[in-house]
Amino acid sequence: MPHLEDVKRRQFLQYAVLGTMAAALPGFTLAEDRPINDTPDPAFKPDVEVELTAQIAEVSILPGANTRVFQYQGKLLKGPSHSIKTLPGYLGPILNLEHGQKVRIFFYNKLSEPSIVHWHGLHVPQKMDGHPMYEIYKGERYVYEFEVENRAGTNWYHSHTHEMTATQVYQGLAGLITVTDAEEKKLGLPSGEYDLSLVIQDRRFTAGNQFQYGHGMHQRMMGFHGDTILVNGQANSTIPVKSRAYRLRLLNGSNARIYKLGWDGGAPLTAIGTHGGLLEKPETLPYIMLAPAERVELWVDFSGRKPGTELTLQSLEYQGVMSPMGGRRGGMGMMTGGLAPGALFPIVKFQITEQVSDSPSLPNQLVSMRRLTEKDISNVGKTVPIAIGMRRMSFQLNGRTFGMQKHMDVEKIPVNTIQKIRIFHDNQMMGGMGGMGGMGGMGGMGGGMRGGMMGMMGNIPHPIHLHGQQFQILSRKQTRQSDGYDTVKNGFINSGWKDTVLVMPGEEIEILKPFEDFTGLFLYHCHNLEHEDMGMMRNFYVE
């Protein structure tokens with residue numbers, strides 16, 4: 001895995017630019033020509049104050065030797081005692097926050113490589129968002145101060161270090177955030193022990209129980225897929241439950257794997273919330289597609305089941321994202337080094353251990369929601385593009401790869417506007433791939449191999465994440481026939497607020513996104529973390 005010395009060259013150039021920026025950012029100090037927000041603002045009066053440290057730890061995951069991980073250790077300095085909940089295993093603590101709270105987080109880096117934390121889904125100013133320009137070295141700290149402006153819902157936090165996000169998240173730098181508000185509290189949803197948070201990840205292990213991570217071309221192109229499914233950092237998870245209703249908060253914390261959630265008995269799923277909070281009313285789906293970074297909240301009622309009964313949440317089979325080189329599933333499993341994308345496998349098992357008679361009922365209506373329409377958009381007749389493409393074996397957005405502070409005219413957004421954004425596959429760019437001119441090291445590949453690689457690149461789905469405020473989906477449509485789309489099309493929740501959207505091969509998606517309150521640079525990128533680290537990330541400049 002990469003270490004500090006591996007990124008010195010690009011940091012030297014990066015920090016030379018950032019040094020000129022620091023003087024314009026109040027509260028920042030300079031360290032090696034880098035802007036670091038390491039001093040609390042005396043005018044900011046926090047309701048919750050937390051110390052969060054990234055460090056190396058050893059934890060028990062599989063029988064036998066402990067696994068060496070990167071881990072967020074949390075300590076509550078001020079605020080309600082429930083503001084932090086520590087989980088067993090390697091994941092960071094759950095941060096339980098309330099709408100309107102002022103939060104201060106002291107982030108300390110004790111790793112031998114740079115790191116920074118992104119508060120995924122939260123609406124915060126630029127310098128509190130975890131942009132990689134603010135990464136800090138070992139022994140340094142970064143002070144986050146923000147007010148929780150989000151509705152009640154489930155968000156998360158994770159490393160966002162440039163070119164190292166995939167490896168650092170893979171090694172453990174991630175944790176959940178829950179937000180509650182007055183409207184949610186009135187609903188009487190399952191709470192306490194009946195409100196379960198589940199982080200789903202796939203990993204691969206060496207014979208000595210250490211995380212194994214591949215850097216091969218196929219793993220970079222497809223994204224890393226492991227062969228062991230972990231839930232809250234534990235393998236072969238079985239959760240004891242009572243015969244009553246539960247609220248399940250699910251996060252796909254994997255680097256690249258997409259899950260098709262479904263019950264082993266074929267029962268439908270009832271969704272009550274997505275990334276940006278609760279839905280207006282419950283939605284019933286036969287299965288739910290959950291891409292990296294996406295969250296879904298489920299209402300699961302175990303009422304009427306006898307003790308000893310088991311129910312398994314699975315990832316069901318699906319098609320349409322495979323490589324022509326590797327076939328539908330088996331070949332791709334070999335290429336990615338684990339369970340093949342689209343394979344059938346269990347995720348977590350629920351076992352009824354106690355029969356109870358009392359259980360809340362599912363509300364018919366949940367929360368009110370601000371519904372955006374085309375009448376709300378500010379950029380009438382000028383849709384903002386996010387074109388997914390590839391040239392010279394490099395994924396791109398709008399024809400460019402990432403530049404730390406770079407942005408094009410099309411990426412300039414006026415503050416306090418609502419923008420219509422079109423996310424689509426640039427088939428011309430994908431098919432041409434720069435004439436394959438960047439594949440000098442692959443000169444021995446035959447024409448069929450080249451054609452297979454080109455086909456594979458066009459068959460990769462991309463979960464696109466936009467920093468800043470949540471957005472709403474306006475439309476989702478196919479622009480070209482995609483093999484296997486029928487196996488996934490009924491699993492998308494297109495209502496509610498989101499911050500990440502899965503764009504399948506051949507799909508075009510239009511969204512409406514507010515850019516309110518805060519100016520500065522806000523990222524948009526693929527949340528297949530290997531793609532992100534390869535440069536599939538850009539900045540919006542809100543001014």
Residue among Ile177, Thr178, Asn155 satisfying side chain to side chain contact (heavy atoms under 4.5 Å, CB included) with Leu97: Ile177
Near Arg220 CZ, under 6.0 Å, is it more than 12 heavy atoms from other residues, nucleotides or ligands? no
Using a 3.5 Å distance criterion without hydrogens, assess whether the side chain of Thr417 forms a donor-acceptor pair with backbone atoms of Gln419. no
Tell me every residue that passes ring-ring contact (aromatic ring centres under 6.0 Å, His included) with Tyr144, counting only those two or more places apart in sequence or in another chain. Trp119, Tyr142
Stepwise, does the side-chain contact (heavy atoms from CB on, under 4.5 Å) test hold for Asn528 with Phe395? CA-CA 11 Å; Asn528 180 317; Phe395 288 113; over 6 Å; no
For the CG atom of Asn494 and the CD1 atom of Ile511, what is their distance to the nearest 0.5 Å? 12.5 Å
Here the pair of heavy atoms bringing Arg247 nearest to Leu278 is NH2-CD2, 3.7 Å
Show your working on side-chain contact (heavy atoms from CB on, under 4.5 Å) between Met390 and Met221 and close with a plain yes or no. CA-CA 11 Å; Met390 185 176 192; Met221 291 295 114; 3.5 Å; yes
How many angstroms lie between NZ in Lys260 and CD in Gln319, if you round to the nearest 0.5 Å? 9.0 Å
Are Ser495 and Glu283 close enough that a side-chain donor and a side-chain acceptor fall under 3.5 Å? yes
Name all residues meeting the side chain to side chain donor-acceptor pair (under 3.5 Å) criterion together with Lys102; count only those two or more places apart in sequence or in a different chain, and write none if there are none. none
Distance in Å, His162 NE2 paired with Tyr134 OH, rounded so as to fall on 0.5 Å steps: 15.5 Å
Check: Ile460 and Pro505 side chains under 4.5 Å, non-hydrogen atoms: no
Salt-bridge test for Arg422 and Glu510: reply yes if a basic N is under 4.0 Å from a carboxylate O, no otherwise. no
So is Arg104 actually on top of Phe44's ring, under 6.0 Å and inside 45° of the axis? no
Side-chain donor-acceptor contact under 3.5 Å, His120 with His275: no
Not counting sequence neighbours, which residues clear salt bridge (Lys or Arg N to Asp or Glu O under 4.0 Å) with Glu149? List them please. none
If you measure only the distance, is there a donor-acceptor pair under 3.5 Å linking the side chains of Glu530 and Tyr170? no
Polar side-chain atom of Asp129 near backbone of Val124 as donor-acceptor pair, under 3.5 Å: no
Verdict with reasoning, Tyr287 to Tyr318, per ring-ring contact (aromatic ring centres under 6.0 Å, His included): CA-CA 11 Å; Tyr287 54 84; Tyr318 64 90; 9.1 Å; no
Between Asn379 (side chain) and Lys420 (backbone), is there a donor-acceptor pair under 3.5 Å? yes
Can Thr161 and Gln168 be counted as having a side-chain donor-acceptor contact under 3.5 angstrom? yes
Closest non-hydrogen contact found for Leu269 with Leu261 is CD1-O, 3.3 Å
Rounded distance [0.5 Å steps], NE2 in His462 versus CD in Glu532: 13.5 Å
Applying side-chain contact (heavy atoms from CB on, under 4.5 Å) to Asn490 and Leu285, what does each step give before you reach the verdict? CA-CA 7 Å; Asn490 295 322; Leu285 299 94; over 6 Å; no
Report the C-alpha separation of Phe402 and His525 in whole Å, then their side-chain angles, then the decisive distance to 0.1 Å, and conclude whether the ring-ring contact (aromatic ring centres under 6.0 Å, His included) test is met. CA-CA 9 Å; Phe402 182 60; His525 59 86; 9.0 Å; no
Give me the atom names and distance for the closest heavy-atom approach of Gln470 to Gly121. NE2-O, 3.0 Å
For the backbone of Pro463 and the side chain of Thr500, can you confirm whether one donor and one acceptor N or O come within less than 3.5 Å of each other? no
Quick one: list whatever passes ring-ring contact (aromatic ring centres under 6.0 Å, His included) with Phe540, sequence neighbours left out. Phe515, Tyr524
Measure across Gly262 and Leu316 and return the closest heavy-atom pair with its distance rounded to 0.1 Å. CA-CD1, 3.9 Å
What one should report as the nearest heavy-atom pair of Phe424 and Pro385 is CE2-CB, 4.0 Å
State, without any angle test, whether Glu294 and Asn252 hold a side-chain donor-acceptor pair at a distance under 3.5 Å. no
Go through it in stages, so that I can follow the logic: the residues are Glu140 and Asp38, the test is side-chain contact (heavy atoms from CB on, under 4.5 Å), and I'd like the CA-CA distance, side-chain angles, deciding distance and then a yes or no. CA-CA 8 Å; Glu140 296 177 338; Asp38 63 355; over 6 Å; no
First locate atom CG of Leu523, then atom CG of Asn539, and finally report the distance between them rounded to the nearest 0.5 Å. 5.0 Å
What is the distance from atom CD1 of Ile464 to atom CG of Asp499, rounded to the nearest 0.5 Å? 12.5 Å
Strictly distance-based, threshold 3.5 Å: is any side-chain N or O of His99 a donor or acceptor partner for the main-chain N or O of Asn150? yes
For the residue pair Leu95 and Ile105, establish whether any side-chain heavy-atom pair is separated by less than 4.5 Å. yes
Using the test side chain to side chain donor-acceptor pair (under 3.5 Å), find all partners of Gln201 that sit at least two apart in sequence or belong to another chain. Tyr90
Answer whether the closest heavy-atom distance between the side chains of Leu290 and Ile258 falls below 4.5 Å. no
Can you name the residues that form a ring-ring contact (aromatic ring centres under 6.0 Å, His included) with Trp497, not counting sequence neighbours? none
Do Asn109 and Ser115 have side-chain N/O donor and acceptor atoms under 3.5 Å apart? no
What pair of heavy atoms forms the shortest contact from Arg249 to Glu297, and how long is it? NH1-OE2, 3.5 Å
N/O donor-acceptor pair under 3.5 Å between Gln472 side chain and Arg370 backbone: yes
Quick check: does any side chain N or O of Asn255 sit under 3.5 Å from a backbone N or O of Ala166, one acting as donor and the other as acceptor? yes
Looking only at the side chains, is there a donor atom on one of Gln171 and Tyr213 sitting less than 3.5 Å from an acceptor on the other? no
Under 3.5 Å side-chain donor-acceptor pair for Ser368 and Glu183: yes
Ser378 side-chain N/O to Ile418 backbone N/O, donor-acceptor pair under 3.5 Å: yes
Any sub-3.5 Å donor-acceptor pair from Asp426's side-chain atoms to Asn398's backbone N or O? no
Ion pair present between Glu543 and Lys412, side-chain N to carboxylate O less than 4.0 angstrom? no
Under the ring-ring contact (aromatic ring centres under 6.0 Å, His included) criterion, do Trp156 and His465 qualify, and how do the steps go? CA-CA 13 Å; Trp156 65 306; His465 169 51; 8.6 Å; no
Any donor and acceptor pair, going by atom type alone, linking the side chain of Arg538 with main-chain N or O of Thr401 inside 3.5 Å? yes
Ring-plane angle category for His160 and His118, please: parallel below 30°, perpendicular beyond 60°, tilted otherwise. perpendicular
Quick check: do Glu98 and Asp47 have side-chain heavy atoms less than 4.5 Å from each other? no
